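A short worksheet on the structure shown next.
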Amino acid sequence: MRIFNTLTNKLETFKPIHKDTVNMYVCGPTVYNYIHIGNARPVIFFDVVRRYFEHMNYTVNFVSNFTDVDDKVITKALEDEMSEQEIANKFIDAFYRDAQRVGSSTKYLAPRVTEYMSSIISYIERLIDKGYAYQVEGDVYFRVTKITDYGVLSGRKVDELKAGTRIESNDKKESPLDFTLWKKTDVGITWPSPWGEGRPGWHTECVAMINDIFGGKIDIHGGGSEIKFPHHENELAQNKALEGADIANIWMHNGQLNIDDKKMSKSEGRVILVKDLDYDYMGFRLFTLSTHYRSPINYTDETLTNYVKEWEKIRRVYKQSFYTLDLKDALEVKAEQSPMLKGIELKFMDAMDSDFNTANAITELQNLVKHTNQILRKKDTEAELKSAIELFDTFFKILGLNPGVTKLSASDKAIYMAWHDARKNKDFDKADRLREQLQSRGIL
RNA sequence: GGUCCCGUAGCCAAGUGGCUAAGGCAAUGGACUGCAACUCCGUGAUCACCGGUUCGAAUCCGGUCGGGACCUCCA
């Protein structure tokens, strides 16, 4: 299987560091607000990455953090007259609800910065010991100029960065590119450190936690493309300083989700929160996976509506297939996979093997829909239908789509049979009444 | 200002040197049908523009126009 490595800008054949295991870390949210639909994109995509590796029988150690120490958290806590911890807990709960809404698993290790404070402090101490960081009046900064190839991940050159006049000037820093590892402050929650009361900068938490949890280099480090610089660049720099090597074998970055072709912006009123999305969430998930993960997605109501309809179509044929077998008590029939279905399966897996090309994988899901609809029009196809259902189940599991179809109850079946008989006897008034019942039960 | 990405049918979107440029939505013709819904079959593209490299370009190179992102602890 091949994955695009943002560090080398090339497709690379995936080779795990430890046999049959994938260690991956995805930068998680700062928990000061509800997540918006752009935040949901990596939550969905990297969930699919994990699912596909698991389908390939890897053991996946998936870790995604919560940044619960941050200026924004502190500001929000002051505004709402709550503690930072209360704010964090509130929005972590909300995050889990939203992740579940869009079909992503929440059963993974989710370390919080506040739980790893001693690791972060000792990590900074080691950077100082090695001469890669320096203390000024209770602040600690990273000495970027000591990293010779700084900018390698984001494709920037130190000279160009220095030339940028927009970098905030700070007299305490040796170089404007140096970034904060520890910030002296008495605003909001603080921790004691060898440099005094304060709190850590953003860029250390991920490397410190990765080292603490995984004990070294991981296979995949992921996140949104907008945090490639400076956040991931700085993580890489810190790890090079301490270990002389990269923190991850492969860096993966997903493209952004825009609205009206522009980045979401709270100040311009261009934000849609996941919890406020007034559409079917599976349709939304399908929408986000229908574009290759490295490309930007443009959100419009029209586009999302199309994918919601598409999901209904997928779900409908699955439901019909499932109920067709259920009504015949044939759900446990032995599946017989046709060459056609085998071909669809192979192409689906090929697409996933090619840098998680979910767009092409979904095309195969659509082929399966069409083919299954053709099977449904024929008679005596239980074994073939069963095979189609199994393939749907496989695809759904990998993509994290859930049709929510369960076995019919005895009364469901009775109504269905009565409807069938009424139509057969041309008692259409009765048939229409029964049809309404079936529709209200979600069977038709 | 600097760096980078993108521009494929009305819409969404794959394809990044080689058969007639996938797939979906919409539209339209047909089939199925008690009605409706669903579903199936058919119908659509000089790949933004100009020039170059090549036997061959949507794909590589240069330019033009248009859109966007990053350089601000913004997912």
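Chain naming here is simple, since letters A, B, ... match the order of the sequence lines and numbering starts at 1 in each. Bear in mind that the values here come from a model prediction, so they are computed numbers and not experimental data. For the numbers below, each heavy atom of this structure counts, side chains included, while hydrogens, waters and symmetry mates do not.
The shortest distance between the side-chain N/O atoms of A:Lys370 and the OP1/OP2 oxygens of B:rG24 is below 4.0 Å. For A:Lys309 and B:rG24, the shortest distance from a side-chain N or O to OP1 or OP2 is not below 4.0 Å. Under 4.0 angstrom from either OP1 or OP2 of B:rA22 there lies no side-chain N or O belonging to A:Gln366.
The same atom, C1', is picked in B:rC38 and in B:rC49; the two are 45 Å apart, to the nearest Å. B:rC6 and B:rG56 have their C1' atoms separated by 26 Å, given to the nearest Å.
Across all strands shown, A:Leu257 has heavy atoms under 4.0 Å from base atoms, whether or not it also approaches the sugar-phosphate. In this structure, A:Asn373 reaches the sugar-phosphate backbone alone: every heavy-atom distance under 4.0 Å involves primed, P, OP1 or OP2 atoms, never a base. Nucleic acid contact class of A:Lys263 (heavy atoms, under 4.0 Å, all strands): base. Across all strands, A:Gln256 comes closer than 4.0 Å to base atoms (heavy-atom distances). A:Arg377 comes within contact range of at least one nucleobase, with a heavy-atom separation under 4.0 Å. Counting non-hydrogen atoms under 4.0 angstrom, A:Asp432 reaches a base of the nucleic acid. Counting non-hydrogen atoms under 4.0 angstrom, A:His203 reaches nothing in the nucleic acid. Residue contacts shown for A:Glu226 include a base, since a base heavy atom lies under 4.0 Å away. Residue contacts shown for A:Lys313 are limited to sugar-phosphate atoms, with no base heavy atom under 4.0 Å away.
Nearest nucleotide to the A:Thr291 side chain, out of B:rA75, B:rA14, B:rC40: B:rA14. Distances were taken from every side-chain heavy atom of A:Asn360 (C-beta onward) to each of B:rA14, B:rA13, B:rA75; the shortest belongs to B:rA14. Side-chain atoms of A:Lys183 lie closest to B:rC73 of the nucleotides B:rG24, B:rC38, B:rC73.
Here B:rC25 sits opposite B:rG10 as a Watson-Crick or G-U wobble pair (both hydrogen-bonding atom distances under 3.5 Å). With a 3.5 Å ceiling on both atom-pair distances, the Watson-Crick or G-U wobble partner of B:rC49 is B:rG63. For B:rC40, the paired base is B:rG30 (Watson-Crick or G-U wobble, both distances below 3.5 Å). Of all nucleotides present, none satisfies the Watson-Crick or G-U wobble test against B:rC35 with each distance under 3.5 Å. A 3.5 Å limit on both hydrogen-bonding distances identifies B:rU3 as the Watson-Crick or G-U partner of B:rA69.
Side-chain atoms of A:Arg435 come within donor-acceptor range of the base of B:rA36, with a qualifying N/O pair under 3.5 Å. Side-chain atoms of A:Asn258 and base atoms of B:rG67 include no donor and acceptor less than 3.5 Å apart.
Distance A:Trp419 CH2 to B:rU33 C1': 12 Å, rounded to the nearest Å.
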Evaluate the side chain to side chain donor-acceptor pair (under 3.5 Å) criterion for residues A:Tyr34 and A:Asn39: first the C-alpha distance (whole Å), next the side-chain angles of each, then the deciding distance (0.1 Å), finally the verdict.
CA-CA 10 Å; A:Tyr34 298 100; A:Asn39 301 128; over 6 Å; no

Begin from the C-alpha positions of A:Asp280 and A:Arg315 and carry the test salt bridge (Lys or Arg N to Asp or Glu O under 4.0 Å) through to its verdict.
CA-CA 12 Å; A:Asp280 181 271; A:Arg315 185 173 175 274; over 6 Å; no

Carefully, step by step, assess A:Glu345 and A:Lys342 under the rule salt bridge (Lys or Arg N to Asp or Glu O under 4.0 Å).
CA-CA 5 Å; A:Glu345 180 174 13; A:Lys342 187 67 193 168; 3.8 Å; yes

Name the pairs: protein N/O against N/O of nucleotides 2-10 of chain B, kept only if under 3.5 Å.
none

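Under the side-chain hydrogen bond (donor to acceptor under 3.5 Å, both in side chains) criterion, the residue pairs touching residues 90-99 of chain A are A:Asp98-A:Arg101, with sequence neighbours excluded. Within the structure, salt bridge (charged side-chain N to carboxylate O under 4.0 Å, His left out) contacts touching residues 433-444 of chain A (residues at least two apart or in different chains) are A:Asp412-A:Arg441, A:Asp432-A:Arg435.
Each of A:Asp355, A:Asn254, A:Asn357 was scored for a side chain to side chain donor-acceptor pair (under 3.5 Å) with A:Tyr293, with one residue passing: A:Asp355.
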